[in-house]
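A quick write-up on the structure given underneath.
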Amino acid sequence: MASSALDLLVLTFNCAKKIIDVPVFADHMHNAFKDNATGLPDLIALSLQEVAPMSYSFIGGYFLEPYLSAFEDAINEAAIRIEPPSSNTSPSVPKQGSKKPYTLVRSHNVGYTATLLLARDASTIRQVQQAEVGFGAADMGNKGAVGLRVLYDAGQGETELTFVATHLAAMEWNLPRRNANWAAIMRGLTFDDPEAVVERFRTEVGVPEEREEQGERTRLLHDEHDEQHLRLQRRIHDISVFKPSSHLFVAGDLNYRISTTSPPPNAGFPSLDSESENFYPKFIPLDQLTRERKAGRTMHGLQEAEVKFPPTYKYDVKADSGAKEEELEWSFAPHRWPSWTDRVLYLDVPAWVSGKNNEQKPAMDVLAYNAMPIVRFSDHRAVYLRVSVPLISPSELAPPLALEGSETAPDGFSADPRVKLPMEVDPEAWGRRAAARKKEAMAGWSMLLLGTKEGAAVLATVVLVGVGAYLWRRGF
Ligand SMILES: *[C@@H]1O[C@H](CO)[C@@H](O)[C@H](O)[C@H]1NC(C)=O
């Protein structure tokens, strides 16, 4: 198995705008590494939400750096305990003592939401691409998603990987908004500018100017049976989250709850006590995410390993109890239903991939799906998935060409988002994002310089932009 699979750990954590306590997080990471596995994962993908105060997140760069590098430090501290630097002092081998176990391949953020990809060996990673979308106020990134797409090749065959880190709308009653946020990801999280892709394609096939004026370009996009249309569709599919040749992992504070209303006073909350009549597994059937996913209203085509951990939100930890980390005093916050907000999902190996030479069909082999312990520095618990990912090459993973655009594909094929996008990509995704990015910078700097409250600054920016647009339309 080891030679034909990649050992991956995907972790999601809502940081509550604080820097993590590095030694504490390193301890938890160390235990996560040992959870039903030996050795260290080849790759670690992090999805972080509320990664820093809003002004720092919106400005990014230098302001965000300390928040992100704390994770790198904690992971390396934990990794060194699993695989201490070799004491091999043979003169022919260069001294490795100072080398960190993990190298940061790329980090990227949209507002509050960040992603980091770390590798044991950075030379196994090629063709790093990134994507972003905001779906907070005025498309800003107080809520949003970031994506990374890479080609992994450790010499035993290459495989393509896409990681999406996201933070969806909060609050019990916001269920439709969360589903809409996911739709915004499917429409707007693109790894290239859709308009540029269409433009390049148009130039390539040589659509003449006068035909374009007669609406040829629109026809290219809409005529279902046009051969060229299928080819263009394929290009658009390739820049979407559901690139047919890539594995996909979606991790985040997805914010799905176990009720659509806030809890009444003295509600019977899920309990972590296995003796209690409210022991938490009883509440798992109420989880909105699994219900909505199975009804086809969110996380289209994605799978999740069985949830066996307690709700990961919302914890009230007694701030100044001088207790050791494992003896923290806590309770669930009374005004929120404790819920499984923090999750990691993935696309399974598709139906058309079979095993070579009588070998078993390759599969995602989940080693662990678990929550980290309660911490002082957040109201969420981190959740990680450790999975052995089969090294299926991009050309083997993509559906056979015959399936594409086919309405009569066999069951289980046509429902696969690698065959047909569940939702069309927004051609103006990149333009919208660029505009929102400017507003973020404006809001970020005004918060920082004027010391305004976060909410007030966002509101002020939205109002200013709104008034500006109104005046512009009125011809001022
Ligand atoms: C431990 O890993 C094996 C694969 O090596 C897997 O089949 C099993 O389900 C895992 N156990 C748990 C508790 O997740």
Side-chain angles (χ1 to χ4, degrees), residues 1-11 32-34 36-46 72 75-76 78-80 82-108 115-130 147-164 191 238 243-249 346-350 352-368 384-399 418:
M1 198 67 205
S3 65
S4 60
L6 145 78
D7 187 345
L8 170 72
L9 189 141
V10 182
L11 179 133
F33 283 148
K34 293 191 295 183
N36 195 32
T38 51
L40 291 171
D42 300 310
L43 293 182
I44 300 176
L46 300 185
E72 234 183 298
I75 286 170
N76 277 316
I80 283 172
I82 304 274
E83 285 184 21
S86 102
S87 52
N88 190 342
T89 48
S90 148
S92 62
V93 180
K95 201 164 187 309
Q96 296 275 307
S98 61
K99 194 172 174 294
K100 290 177 190 166
Y102 284 97
T103 309
L104 180 68
V105 174
R106 179 70 65 91
S107 70
H108 189 50
T115 184
L116 281 81
L117 183 67
L118 299 105
R120 285 306 311 272
D121 177 357
S123 72
T124 58
I125 300 291
R126 284 185 282 131
Q127 297 174 18
V128 184
Q129 290 177 288
Q130 60 191 39
L148 289 179
R149 175 167 287 158
V150 301
L151 192 67
Y152 173 84
D153 184 1
Q156 289 121 356
E158 54 181 35
T159 206
E160 206 171 7
L161 302 158
T162 302
F163 301 102
V164 173
F191 290 82
D238 277 349
K243 184 175 187 185
S245 58
S246 175
H247 292 291
L248 171 65
F249 298 87
Y346 57 92
L347 269 189
D348 222 332
V349 174
W352 53 84
V353 173
S354 54
K356 273 185 270 185
N357 329 316
N358 297 329
E359 278 172 33
Q360 259 194 321
K361 179 183 158 75
M364 294 284 189
D365 189 6
V366 173
L367 308 180
Y384 59 90
L385 173 76
R386 178 92 174 253
V387 60
S388 176
V389 182
L391 296 177
I392 304 169
S393 73
S395 59
E396 279 176 285
L397 196 53
R418 289 183 177 113

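In what follows, every heavy atom counts, from backbone to side chain, and hydrogens, waters and symmetry copies are set aside.
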Hits for side-chain hydrogen bond (donor to acceptor under 3.5 Å, both in side chains) against Thr38, two or more places apart or cross-chain, chain-then-number order -> none

Give the minimum heavy-atom separation between Asn36 and Leu367, together with the two atoms involved.
ND2-O, 2.7 Å

What residues, two or more places apart in sequence or in another chain, satisfy salt bridge (Lys or Arg N to Asp or Glu O under 4.0 Å) together with Glu72?
none

Residue set satisfying salt bridge (Lys or Arg N to Asp or Glu O under 4.0 Å) with Arg120, at least two apart, ordered chain then number -> Glu83

What's the separation between atom CG in Leu8 and atom CD1 in Ile44, rounded to the nearest 0.5 Å?
9.0 Å

Sorted by chain and residue number, the side-chain contact (heavy atoms from CB on, under 4.5 Å) partners of Pro362 (sequence neighbours excluded) come out as Val353, Pro390, Ile392

Determine the minimum heavy-atom distance between Ala5 and Asp42, stating which atoms define it.
O-OD2, 4.5 Å

Of all the heavy-atom pairs spanning Phe191 and Thr162, show the shortest one and how long it is.
CZ-CG2, 3.8 Å

Can you sort out the partners of Asn76 under side-chain hydrogen bond (donor to acceptor under 3.5 Å, both in side chains), two or more places apart, ordered by chain and number?
none

Excluding sequence neighbours, so at least two apart, what forms side-chain contact (heavy atoms from CB on, under 4.5 Å) with Ala368?
Asp35, Tyr384, Arg386

Going by the rule salt bridge (Lys or Arg N to Asp or Glu O under 4.0 Å), which residues pair with Asp153 if we only count those two or more places apart in sequence or in a different chain?
Arg126

Tell me, please, which residues at least two apart from Asp348 pass side-chain hydrogen bond (donor to acceptor under 3.5 Å, both in side chains).
none

Correct closest heavy-atom pair for Ala79 and Tyr102 would be CB-CE1, 3.7 Å

Glu396 CD to Ser354 OG distance, which is reported to the nearest 0.5 Å:
8.5 Å

Hey, what do you get for CD1 (Ile75) to CG (Leu116), rounding to the nearest 0.5 Å?
7.5 Å

Under the side-chain contact (heavy atoms from CB on, under 4.5 Å) test, residues paired with Glu160 that sit two or more places apart
Arg149, Leu151, Lys243, Ser245, Ser246, Pro394

Who are the side-chain contact (heavy atoms from CB on, under 4.5 Å) partners of Ile82, not counting sequence neighbours?
His30, Phe33, Lys34, Leu40

The criterion is ring-ring contact (aromatic ring centres under 6.0 Å, His included); which residues satisfy it with Phe163, sequence neighbours excluded?
Phe249

Tell me every residue that passes side-chain hydrogen bond (donor to acceptor under 3.5 Å, both in side chains) with Thr159, counting only those two or more places apart in sequence or in another chain.
His247

Side-chain heavy atoms of Val105 within contact of Leu43, under 4.5 Å
no

With a 4.5 Å limit on heavy-atom distance, are the side chains of Leu397 and Pro350 in contact?
yes

With a 4.5 Å heavy-atom cut-off, do Leu391 and Leu6 have their side chains touching?
yes

Among Leu248, Val10, Val366, which one satisfies side-chain contact (heavy atoms from CB on, under 4.5 Å) with Tyr346?
Val366

pair Val150-Leu117: side-chain heavy atoms closer than 4.5 Å
yes

Taking all non-hydrogen atoms of both residues into account, name the closest pair between Leu46 and Thr115 and its distance.
O-OG1, 3.0 Å

